[in-house]
2 protein chains.
Amino acid sequence: MTEIERKLDSNGIRPTAMRILIYKYMAEKNNALALTDVEQAFLKAERTTLYRTIKTFEEKGIVHQIDDGTGVLKYALCEPGCNCEIDRDLHLHFHCNSCDKTICLTQHKIPHINLPEGFMAEDANLVVKGICDSCSAY
Amino acid sequence: MTEIERKLDSNGIRPTAMRILIYKYMAEKNNALALTDVEQAFLKAERTTLYRTIKTFEEKGIVHQIDDGTGVLKYALCEPGCNCEIDRDLHLHFHCNSCDKTICLTQHKIPHINLPEGFMAEDANLVVKGICDSCSAY
DNA sequence: TTATTAATTGCACTTCTGTTGCATTGTTTA
DNA sequence: TAAACAATGCAACAGAAGTGCAATTAATAA
């Protein structure tokens with residue numbers, strides 16, 4: 001049993017060949033992926049399968065969904081330090097306007113926000129846009 | 001010339017009957033509206049017209065777009081204090097999980113975020129979700 | 001005031017993303 | 001091994017965003 005299989009198994013996900021491949025692919029990338037990105041990587045596979053695989057990953061808490069404001073939902077593996085199952089995705093995301101990649105800044109948590117009287121926060125989503133480290137190097 | 005006509009005119013928008021109506025409608029509401037919301041209010045009008053009108057408002061800087069994470073783009077009039085033309089929408093938005101409305105917290109600016117080395121911020125989007133003041137009153 | 005020009009609106013249609021239903025295949029377990 | 005269940009493939013749908021083009025309306029110049 002490989003490490004990935006163990007990971008999937010311990011999260012209640014049956015480690016099928018497809019799922020292991022998808023997990024592996026997402027782990028290789030260090031940025032958040034859209035469904036279409038995964039599609040491009042697995043041209044032989046069905047879109048629905050990829051879709052449902054990612055949704056399963058999400059439900060089981062090993063992937064979280066990111067809305068980076070591009071209009072396309074992105075997904076990223078929950079790295080150590082990502083507690084999205086517990087306190088709902090409170091790290092922030094960075095979207096690069098140059099290379100168009102979205103990455104998780106797992107270490108950077110959303111600061112506390114003072115809301116007006118009567119408002120109660122349950123969740124928050126912060127996306128910072130700009131130029132990422134790779135792009136600013138040039 | 002009414003106040004709305006003057007407002008449109010001074011922003012380089014020809015104040016047609018349709019546009020005045022749409023502006024008036026958006027001004028009445030104190031929450032951000034989706035295209036479908038506006039559609040419901042103007043059943044006789046064409047969707048495209050409403051769409052392009054709002055886009056025109058946005059281009060001319062009297063409306064800003066909000067991605068509240070519901071998957072549907074919302075739009076709100078720029079109130080005094082909204083400088084979205086200048087520094088890109090740096091106030092935050094609140095989405096109520098109960099009544100499903102999204103409102104601009106124009107007074108509440110997004111706090112400064114320290115990014116890792118090499119990252120440069122140009123824009124930011126913060127959506128807080130929870131229960132709004134109206135809903136929490138019950 | 002009319003003719004010309006430009007902007008706005010209405011209609012039809014397309015694209016993209018996300019999603020579901022159902023039959024089929026594969027996997028587990030009694 | 002057979003029954004039960006989960007995963008996959010295929011087809012199709014839904015909703016929102018967006019475009020092209022013709023028709024209409026408004027602005028401007030003659």
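By convention in this document, chain letters (A, B, ...) are assigned in the order of the sequence lines, proteins followed by strands, and residues within each chain are numbered from 1.
- Distance NZ (A:Lys44) to P (D:dT8): 15 Å, rounded to an integer number of Å.
- In this structure, CD1 in B:Ile54 is found 5.0 Å from CE in B:Met26, a value given to the nearest 0.5 Å.
- Rounded to an integer number of Å, the gap from A:Glu59 CD to D:dA6 P is 13 Å.
- Here the CD1 atom belonging to B:Ile131 is positioned 4.5 Å from the CD atom belonging to A:Glu122, to the nearest 0.5 angstrom.
- Residue contacts shown for B:Thr36 are limited to sugar-phosphate atoms, with no base heavy atom under 4.0 Å away.
- Nucleotides of DNA chain D nearest to B:Arg14 and B:Val72 differ in position, and the one nearer the 5' end is that of B:Val72.
- At the heavy-atom level, A:Lys55 lies under 4.0 Å from the strands shown only through sugar-phosphate atoms.
- The separation between A:Glu46 atom CD and C:dT25 atom P is 15 Å, rounded to whole Å.
- For B:Glu39 and D:dA16, the CD to C1' distance is 10 Å, given to the nearest whole Å.
- Between the CZ atom of B:Phe42 and the C1' atom of C:dG10 there is a distance of 16 Å, rounded to whole Å.
- For A:Tyr51, whose side chain is taken as the heavy atoms from C-beta onward, the closest listed nucleotide among C:dT20, D:dT19, D:dA12 is C:dT20.
- Other residues, nucleotides and ligands place more than 12 heavy atoms under 6.0 Å from the NZ atom of B:Lys55.
- Residue B:Thr16 is in sugar-phosphate contact alone, with no base atom involved, counting any heavy-atom pair closer than 4.0 Å across all strands shown.
- Here C:dG18 presents its P atom at 12 Å from CG of A:Leu50, a figure rounded to the nearest Å.
- Contacts of B:Arg47 with the nucleic acid, taken as non-hydrogen atoms under 4.0 Å apart, include base atoms.
- Within a 6.0 Å radius of NZ in A:Lys101, no more than 12 heavy atoms belonging to other residues, nucleotides or ligands are found.
- For a distance-only test at 3.5 Å, the side chain of A:Thr48 qualifies as a donor-acceptor partner of the base of D:dC10.
- Considering B:Ile13, B:Thr53, B:Ile62 as possible partners of B:Tyr23, the one that fulfils the side-chain contact (heavy atoms from CB on, under 4.5 Å) test is B:Ile62.
- For the pair B:Glu58 CD and D:dG18 P, the interatomic distance rounds to 9 Å; values are reported in whole Å.
- Atom-to-atom, CD1 of B:Ile54 to C1' of C:dT9 comes out at 15 Å; the value is rounded to the nearest Å.
- Of the candidates C:dC22, D:dA16, D:dA6, C:dC22 carries the atom nearest the A:Arg52 side chain, counting heavy atoms from C-beta on.
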